[in-house]
Amino acid sequence: MISIDDYCWFVDEAIDGMIAIVKDLGDGLANQRLDLPGTSSPYAVLTHCLGVMEFWGGHLIAGRATDRDRAAEFQASGAVADLVSRTDAARVQLAADARGANLGAPLQHPPLDPADLDLPLGQSQGAALLHVYEELAQHRGQMETCRDALRATWVHTSPEPAVIEES
C-alpha cells in the first residue's frame, strides 16, 4: 500500500512540473491558448487543477462546502506569480486533506456526475485521491504539449478564451 507521504510526493512532482511551465512561459504565453477548438491556456489548465484539488480533496473527501465554477476555471487568466501562490496553498491543503482521509470510507458528498458513483473514484476517499493525481498528471502532460506548441514559431494563438462545454 502507498503511504500518504508517497502520494503527496507524486502530487508534488506533478504540481512542480505545472508551476515550472507557467513560470517558464511568463504572464504573456501562460495566458495564451492555441487557436484550436476546445483548447485552454496553461494558466487556465492549472487553475482547473486547483479546482479539481479543492472539489475532490476538499469537498468530496474532507467534506468542506464548495462554490466551484468549473467553466470559469477554463477562462481564467492573470499573473503567474498569483497563480503560483494559490497553487502552493492548494498543495498544502490537499496534503492535509489526504492525511485526514479515511481511504476506505465513502465520500463525504456524492460526485456531481451520477455515473461516477459506479466507478471506484466515486466510491471511496482513497480512490478519489487517486483520481486527483490522475487529473494532475494528465493535465501536466497537456500543459507540456501546449508549452511546446506555444513556443513554436509556426503556431497561431487565439485572442479569445476557450469555451468548454461540460458533457
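Keep in mind that what you see is a predicted model, and the values were worked out from it rather than measured. We use all heavy atoms of the structure for the numbers below, so side chains are in, but hydrogens, waters and symmetry mates are not.
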Roughly how far apart are [X] [atom1] and [Y] [atom2], rounded to 0.5 Å?
{"X": "Arg91", "Y": "Met18", "atom1": "CZ", "atom2": "CE", "result": "9.0 Å"}
{"X": "Arg64", "Y": "Asp97", "atom1": "CZ", "atom2": "CG", "result": "4.0 Å"}
{"X": "Leu46", "Y": "Ser40", "atom1": "CG", "atom2": "OG", "result": "12.0 Å"}
{"X": "Lys23", "Y": "Ile21", "atom1": "NZ", "atom2": "CD1", "result": "12.5 Å"}
{"X": "Asp69", "Y": "Phe74", "atom1": "CG", "atom2": "CZ", "result": "11.0 Å"}
{"X": "Leu107", "Y": "Asn102", "atom1": "CG", "atom2": "CG", "result": "11.0 Å"}

Legend entry - Option passing side chain to side chain contact (heavy atoms under 4.5 Å, CB included) with Thr87 (candidates Val22, Val92, Ile15, Asp16):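 Only match with Thr87 under side chain to side chain contact (heavy atoms under 4.5 Å, CB included): Ile15.
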Inset, instruction - Answer whether the closest heavy-atom distance between the side chains of Gln93 and Glu54 falls below 4.5 Å. - result: yes
Inset, instruction - Compare all side-chain heavy atoms of Pro42 with those of Leu25 and state whether any distance is below 4.5 angstrom. - result: yes
Donor-acceptor under 3.5 Å ([X] side chain, [Y] main chain):
{"X": "Thr39", "Y": "Asp35", "answer": "no"}
{"X": "Arg68", "Y": "Glu73", "answer": "no"}
{"X": "Tyr7", "Y": "Leu129", "answer": "yes"}

Inset, instruction - List in chain and number order the residues that pass side chain to side chain donor-acceptor pair (under 3.5 Å) with Asp5, two or more places apart in sequence or in another chain; answer none if no residue qualifies. - result: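 Once residues adjacent in sequence are excluded, the partners of Asp5 under the side chain to side chain donor-acceptor pair (under 3.5 Å) criterion are Arg99.
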Legend entry - With sequence neighbours excluded, residues passing side chain to side chain donor-acceptor pair (under 3.5 Å) with Asp27: none
Inset, instruction - Work out which heavy atom in Ala76 is nearest to a heavy atom in Ser41; give both atom names and the distance. - result: O-OG, 4.1 Å
Inset, instruction - For Leu94 and Gly57, work out which heavy atoms get closest and say how close. - result: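 What the structure gives for the nearest pair is CD1-CA, 4.1 Å.
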Can you hop from [X] to [Y] via hydrophobic side chains spaced under 4.5 Å?
{"X": "Leu112", "Y": "Met53", "value": "yes"}
{"X": "Leu117", "Y": "Val132", "value": "no"}
{"X": "Leu103", "Y": "Val11", "value": "yes"}
{"X": "Trp9", "Y": "Ile4", "value": "yes"}

Inset, instruction - Using ring pair (Phe, Tyr, Trp, His ring centres under 6.0 Å) as the criterion, list what pairs up with His59, not counting sequence neighbours. - result: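 His59 satisfies ring pair (Phe, Tyr, Trp, His ring centres under 6.0 Å) with Phe55, His109 once adjacent residues are dropped.
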Inset, instruction - Could you list the residues that satisfy side chain to side chain contact (heavy atoms under 4.5 Å, CB included) with Ser77, not counting sequence neighbours? - result: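 Side chain to side chain contact (heavy atoms under 4.5 Å, CB included) check on Ser77 returns Asn31.
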Inset, instruction - For Leu83 and Arg86, run side chain to side chain contact (heavy atoms under 4.5 Å, CB included): C-alpha distance rounded to whole Å, both residues' side-chain angles, the deciding distance at 0.1 Å, then the answer. - result: CA-CA 5 Å; Leu83 179 60; Arg86 290 194 338 265; 3.4 Å; yes
Legend entry - Residue pairs, two or more places apart or on separate chains, that pass ring-ring contact (aromatic ring centres under 6.0 Å, His included) and touch residues 117-140: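 Checked against ring-ring contact (aromatic ring centres under 6.0 Å, His included) - neighbours excluded - the pairs reaching residues 117-140 are His48-His139, Trp56-His131.
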Inset, instruction - May I have all residue pairs that pass side-chain hydrogen bond (donor to acceptor under 3.5 Å, both in side chains) and include part of residues 119-128, sequence neighbours excluded? - result: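 As it turns out, there is no side-chain hydrogen bond (donor to acceptor under 3.5 Å, both in side chains) pair with a partner in residues 119-128 once direct neighbours are skipped.
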